[in-house]
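What follows is a set of notes on a single structure, which appears directly below.
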Protein chains: 2
Amino acid sequence: MNRIEPLSADMFDADCAHRMPFRIGDKWSAMIMRCLEAGPRRFTELKVPLHRVSPKVLTETLRAMERDGWVTRTVYDENPPRVEYALTALGRSLLDPMDHLCAWTRAHREEILGAREEPAGTPSVLRGARGE
Amino acid sequence: MNRIEPLSADMFDADCAHRMPFRIGDKWSAMIMRCLEAGPRRFTELKVPLHRVSPKVLTETLRAMERDGWVTRTVYDENPPRVEYALTALGRSLLDPMDHLCAWTRAHREEILGAREEPAGTPSVLRGARGE
DNA sequence: GGGGCCGGTTCCCTTGAAGTAACCGGCCCT
DNA sequence: AGGGCCGGTTACTTCAAGGGAACCGGCCCC
């Protein structure tokens, strides 16, 4: 088995992840999927890029993903304990629509950010249309 | 302007909309987008397929979508008042990734529903791996 | 025996999204 | 004068997701 790159701590900065108007599963699922994209990861390994996730929430999320058939949980009977999470085929197939979402977000980034910056009181279009 | 089909009251049954593991914007945004796909709609018209939405939430959602540049709100100065909501080009471009999501959901429907039905206590895979 | 690593669990609290119910103003019609 | 249509608004409540802090058991090492 060839070496797998460690996950970078700033994998999810306030960019693609933040303010993305989409959501896959719950708050952390999409990020976890990206973490598992390159290969199986263990619990503590996942905590690195997911700075702000508490172990409770991470467990909950992983359990939900397991229940939905997106990931597998493999316990190795070693010491200290080792648990690995990996994408299933179903989970992996989900990366495809996710990529489309990311592509859309990347393509319309400026437009999205711009829309929110417009002068607060931008009036709704109003038309006198009596004789329409 | 040619006639536009009225929205069916059972447009969103417990199928594509319900239990879909994706979310576009907030709870109702994706459904609203589908409602606007064929052309502009007015407030009361939107309420028909969105059975359970309260006027408050519908207003909130539409305002948020307007703020994000997904829809326009056009007030016609008539009586009784008429307000029409329509997709912007940006909003319309969002339908494309949404279609991918829907296609994925349709393709993996059985698999998704199946995963949750498995015997509750399905054990995690466990491997003795001392000599790995 | 004290501390650390690992993969969690438990309890409690906060937050924000969403739901419920009631009401509103303008104008038309009867 | 009363009622209805339209597109909302306002105030109150509910509920689940998420976050924080603390603790746990097993085994190893010092």
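Chain identifiers are assigned alphabetically (A, B, ...) following the order of the sequence lines, protein sequences preceding nucleic acid strands; residue numbering begins at 1 within each chain.
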Given that A/Ser54 and A/Pro80 both sit by DNA chain D, which one's nearest nucleotide is further toward the 5' end?
A/Ser54
Provide, to the nearest angstrom, the distance between the CG atom belonging to A/Asn79 and the C1' atom belonging to D/dC29.
12 Å
Length of the CG-P vector between A/Leu50 and D/dG19, whole Å:
10 Å
Residues forming a side-chain contact (heavy atoms from CB on, under 4.5 Å) with A/Ala86, sequence neighbours excluded:
A/Pro40, A/Thr72
Check every atom of D/dG7, C/dT20, D/dG26 against the side chain of B/Pro81 and return the nucleotide holding the closest atom.
D/dG7
With sequence neighbours left out, the residues meeting side-chain contact (heavy atoms from CB on, under 4.5 Å) with A/Ala107 are none
Figure out the CD/C1' separation between A/Glu84 and C/dG7, and round it to whole Å.
13 Å
CE of B/Met31 versus P of C/dA18: gap in Å, rounded?
10 Å
OP1 or OP2 of D/dG8 under 4.0 Å from side-chain N/O of B/Tyr85:
yes
What residue pairs, at least two apart or across chains, pass side-chain hydrogen bond (donor to acceptor under 3.5 Å, both in side chains) with a residue in residues 43-59 of chain A?
A/Arg41-A/Glu45
Please report, rounded to the nearest Å, how far the P atom of D/dG8 is from the CG atom of B/Asp77.
14 Å
Closer than 4.0 Å, any side-chain N/O of A/Arg82 to the OP1 or OP2 of C/dG8?
no
B/Glu66 has an atom CD; how far is it from atom P of D/dG7, in whole Å?
15 Å
Side chain of A/Asp26 - closest among D/dG18, D/dG8, C/dC28:
D/dG18
Scan for ring-ring contact (aromatic ring centres under 6.0 Å, His included) pairs involving residues 80-112 of chain B, sequence neighbours excluded, and state none if there are none.
A/His100-B/His100, B/Phe22-B/Trp104, B/Trp104-B/His108
Expressed in angstrom and rounded to an integer, what is the separation of A/Arg73 atom CZ from C/dG7 atom C1'?
8 Å
Are A/Trp70 and B/Pro21 side-chain neighbours, meaning at least one heavy-atom pair lies under 4.5 Å?
yes
Phosphate contact (D/dG7 OP1 or OP2) by B/Lys47 side-chain N/O below 4.0 Å
no
Which residues pass the side-chain hydrogen bond (donor to acceptor under 3.5 Å, both in side chains) test with A/Ser29, sequence neighbours left out?
A/Asp26
By a strict heavy-atom criterion of less than 4.0 Å, which residues belonging to residues 55-63 of chain A are in contact with DNA chain D?
A/Lys56, A/Val57
Candidate nucleotides D/dG7, D/dG18, C/dA18, ranked by approach to the side chain of A/Lys27 - the nearest
D/dG18
Rounding to an integer number of Å, can you tell me how far A/Arg23 CZ sits from D/dA16 C1'?
11 Å
Compare the minimum distances between each of D/dG18, C/dA18, D/dG7 and the side chain of B/Arg42, then state the nucleotide with the smallest one.
D/dG7
B/Leu101 side chain reached by A/Leu101 side chain, heavy atoms, under 4.5 Å:
yes
